[in-house]
Q: 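One structure, as structure tokens, below. Some questions next.
Because the structure is a prediction, the values reported are computed rather than measured.
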Amino acid sequence: MDLIKAFTNEQIKAEAPKFNIGDTVRVHNRIKEGARERIQYFDGTVIAKKNGGISETFTVRRISNGVGVEKTFPLHSPNVVAVDIIREGKVRRAKLYYLRDRVGKAAKVKDKVK
């Protein structure tokens, strides 16, 4: 069991990004195309965070050309370069799956007042 813990501790990011459910974020994702590498951005609202430790994931949702697009990213993956918080949202739920059924302004999350 110590081997597994040692392996996971070595793979976990020391500075994991801090964000919450409902925040609008920009995920910097490393894409490898043949021999080339580039950074691709994915902007959207965080609708879920799951698990913990090395297997922690978060789901980001956005509307692209009138179609809802969701991507799930592993938090500690080396392909997730950075997560920038664009704005903080005020929510009262742990999972925002109800946003899938909403369209237009109803699909927005309120801003958190600081």
Q: Asp111: what forms a side chain to side chain donor-acceptor pair (under 3.5 Å) with it, not counting sequence neighbours?
A: Arg87
Q: Is it the case that one hydrophobic cluster holds both Ile31 and Tyr41, taking links as side-chain heavy atoms less than 4.5 Å apart, direct or via other members?
A: no
Q: Are the side chain of Lys13 and the backbone N or O of Pro78 linked by a donor-acceptor pair below 3.5 Å?
A: no
Q: More than 12 foreign heavy atoms under 6.0 Å from CZ of Arg38: is that the case here?
A: yes
Q: If you apply the rule side-chain contact (heavy atoms from CB on, under 4.5 Å), what do you find for Arg30 with Ile39, and how did you get there?
A: CA-CA 5 Å; Arg30 181 178 290 125; Ile39 302 294; 4.2 Å; yes
Q: Can you tell me how far apart OG1 (Thr8) and CG (Leu3) are? Round to the nearest 0.5 Å.
A: 10.5 Å
Q: Roughly how far apart are Lys32 NZ and Asn79 CG, rounded to 0.5 Å?
A: 9.5 Å
Q: If you link ILVMFWY side chains whenever their heavy atoms are less than 4.5 Å apart, which other residues fall into the same cluster as Val69? By chain and number, please.
A: Phe19, Ile21, Val25, Val27, Phe42, Val46, Ile47, Phe58, Val60, Phe73, Leu75, Val80, Val83, Ile85, Val91, Leu96, Tyr97, Tyr98, Leu99, Val109
Q: To the nearest 0.5 Å, tell me how far Ile12 CD1 sits from His76 NE2.
A: 5.0 Å
Q: Could you tell me whether the side chain of Arg61 reaches within less than 4.5 Å of the side chain of Ile63, counting heavy atoms only?
A: yes
Q: Considering residues, nucleotides and ligands other than Lys90, do more than 12 of their heavy atoms fall under 6.0 Å from its NZ?
A: no
Q: Mind checking the NZ-OG1 spacing from Lys108 to Thr45? Nearest 0.5 Å is all I need.
A: 9.0 Å
Q: Please tell me if the side chains of Arg26 and His28 come closer than 4.5 Å, counting only heavy atoms from C-beta onward.
A: yes
Q: Above 12 or not: heavy atoms from other molecules or residues under 6.0 Å from NZ of Lys95?
A: yes
Q: Nearest 0.5 Å, please: how far is OG1 in Thr57 from CG in Asn51?
A: 5.5 Å
